[in-house]
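Quick caveat: nothing in here was measured; it's all calculated off a predicted structure. Naming: A, B, ... by sequence-line order, numbering from 1 per chain.
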2 protein chains.
Amino acid sequence: MGNMGDMTEPRWLTDEEQRVWRAYLHATTLLEDHLDRQLQRDAGMPHVYYGLLVQLSQAPRRRLRMTELARSAKITRSRLSHAIARLEKNGWVRREDCPSDKRGQFAQLTDEGVEVLRRNAPGHVAAVRQAMFDRLSPEQVEQLGAIMRVLAEGLEPADAGADLPWLR
Amino acid sequence: MGNMGDMTEPRWLTDEEQRVWRAYLHATTLLEDHLDRQLQRDAGMPHVYYGLLVQLSQAPRRRLRMTELARSAKITRSRLSHAIARLEKNGWVRREDCPSDKRGQFAQLTDEGVEVLRRNAPGHVAAVRQAMFDRLSPEQVEQLGAIMRVLAEGLEPADAGADLPWLR
DNA sequence: CCTACATAGTTCAACTTTCAAGAATGAGTC
DNA sequence: GACTCATTCTTGAAAGTTGAACTATGTAGG
């Protein structure tokens, strides 16, 4: 059932495409693992959690609504709830009620959280630089940026509209 | 302690580098989530597990030693043990003792496993194609391949030698 | 006000991943 | 053989993630 009514042979990947796809998977998993370990070791949290602190640090009053933070970090609200609970236990984030909407919560970066970022940002930037920017030519950096923007665009509004492009 | 003796101001990312880095994180997480959901929905397993079946399907006799499979899939042996246990419960993989090394185990793809792949490969390829290759120009595909190969190289021998490049 | 429905965030259970042991076998040396 | 150390794979507990169900509040229409 499902898509079995499609008689056409699927368009397999060419050899070149397969090579690129594997290189992509290979490199992205290695890099994510590398950063995860670096941050787990130095800062005591996974990469995603670190990203949450960064987002908060750049927000006005160093705080964001949960939904907003989830959206900008590309994670589910459920995952964010767990993550913030953990970061709160660490003392790096505090929750605050939203006055204008009693359902709402702000996640706010504490001074301790700022300090954790201050202490770990150099090491993290160094890791990113060493893994990526020190190895690519300026042209490649530009190409990578363009490519990643295209890919993100294709997945952004995500599932909605993906099958119905005329509704965009 | 650690790297606090370093008095030099860390080399922060330029604006352009930051944009590229964010685009990279953004696109890679969206894509991985997308494929995970596609495969979870259609094949009942996460992307990594699907990758294990693919690796096995391409190996001689459709089987690989655990360590070999872990290495080629870039995951720890521990993680692989758990994963294979789960796939075995599904009936898609079977374990076999290695005659020449009594510590060793083969993971072998079952006929059922082959069938699962056969059924899901078209959908998966379509997802990959739609997310990546249908959106990039041939030049971009080539550029992406080159870039990813460079990044992988830098992380490949991984932690060993990373801090001691003169030992390579 | 009341109903119906939408939105914000949390919680629970099932599942996956990680990390630190641990059990068994292999390999080298005396 | 006995000792030591390395390698292979597994296990168990803790941490993280997911998807669905749930609570509470907001919003629109009668």
In whole Å, what is the span from the [atom1] atom of [X] to the [atom2] atom of [N]?
X        : N      : atom1 : atom2 : value
B:Gln40  : D:dG19 : CD    : P     : 7 Å
B:Ile84  : C:dC15 : CD1   : P     : 18 Å
B:Asp97  : C:dT25 : CG    : P     : 11 Å
A:His47  : D:dT17 : NE2   : P     : 13 Å
A:Met66  : D:dT23 : CE    : P     : 19 Å
A:Asp101 : C:dA6  : CG    : C1'   : 12 Å
B:Leu80  : C:dC19 : CG    : C1'   : 16 Å
A:Leu52  : D:dT17 : CG    : C1'   : 13 Å

- request: Would you mind telling me which residue lines up with the more 5' stretch of DNA chain C, B:Arg79 or A:Gly104, judged by nearest nucleotide?
  value: A:Gly104

Classify the nucleic acid contact of [X] as base, sugar-phosphate or nothing, counting any heavy atom under 4.0 Å across all strands shown.
X       : result
A:Tyr49 : sugar-phosphate
B:Arg41 : nothing
A:Thr67 : sugar-phosphate

message: I want to verify a distance call: between C:dG9, D:dC9, C:dT18, whose nearest atom is closest to the A:Gln105 side chain?
response: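 Taking heavy atoms from C-beta onward, the closest nucleotide is C:dG9.
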
- prompt: Checking A:Arg119 side chain against A:Ala43 main chain: does a donor-acceptor pair fall under 3.5 Å?
  reply: no

message: Can you work out whether B:Ser81 or A:Pro46 has the more 5'-proximal nearest nucleotide on DNA chain D?
response: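 Final value for this comparison: B:Ser81.
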
Looking only at side-chain N and O atoms, does [X] come under 4.0 Å of OP1 or OP2 in [N]?
X        : N      : result
B:Arg86  : C:dT16 : yes
A:Arg95  : C:dT10 : yes
A:Arg103 : C:dG9  : no
B:Thr76  : C:dC19 : no
A:Arg77  : C:dG9  : no

query: Among A:Arg61, A:Arg62, A:Arg63, which one satisfies salt bridge (charged side-chain N to carboxylate O under 4.0 Å, His left out) with A:Glu96?
result: A:Arg63

message: Quick check on B:Glu142: does its CD atom have over 12 non-hydrogen neighbours (other residues, nucleotides or ligands) under 6.0 Å away?
response: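 Not buried by this count: 12 neighbours or fewer within 6.0 Å.
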
- request: Would you tell me whether B:Ser137 and B:Glu139 have side-chain atoms, one donor and one acceptor, within less than 3.5 Å of each other?
  value: yes

message: Salt bridge or not between B:Arg94 and B:Glu88? Use side-chain N to carboxylate O under 4.0 Å.
response: no

task: Kindly indicate whether the side chain of B:His82 and the base of C:dC15 share any N or O donor-acceptor pair separated by less than 3.5 Å?
output: no

Check: A:Ser78 side chain, D:dT17 base, donor-acceptor under 3.5 Å: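 A donor-acceptor contact between them is absent.
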
field: A:Phe133 and B:Trp21 aromatic ring geometry - parallel, tilted or perpendicular at 30°/60° bounds
entry: perpendicular

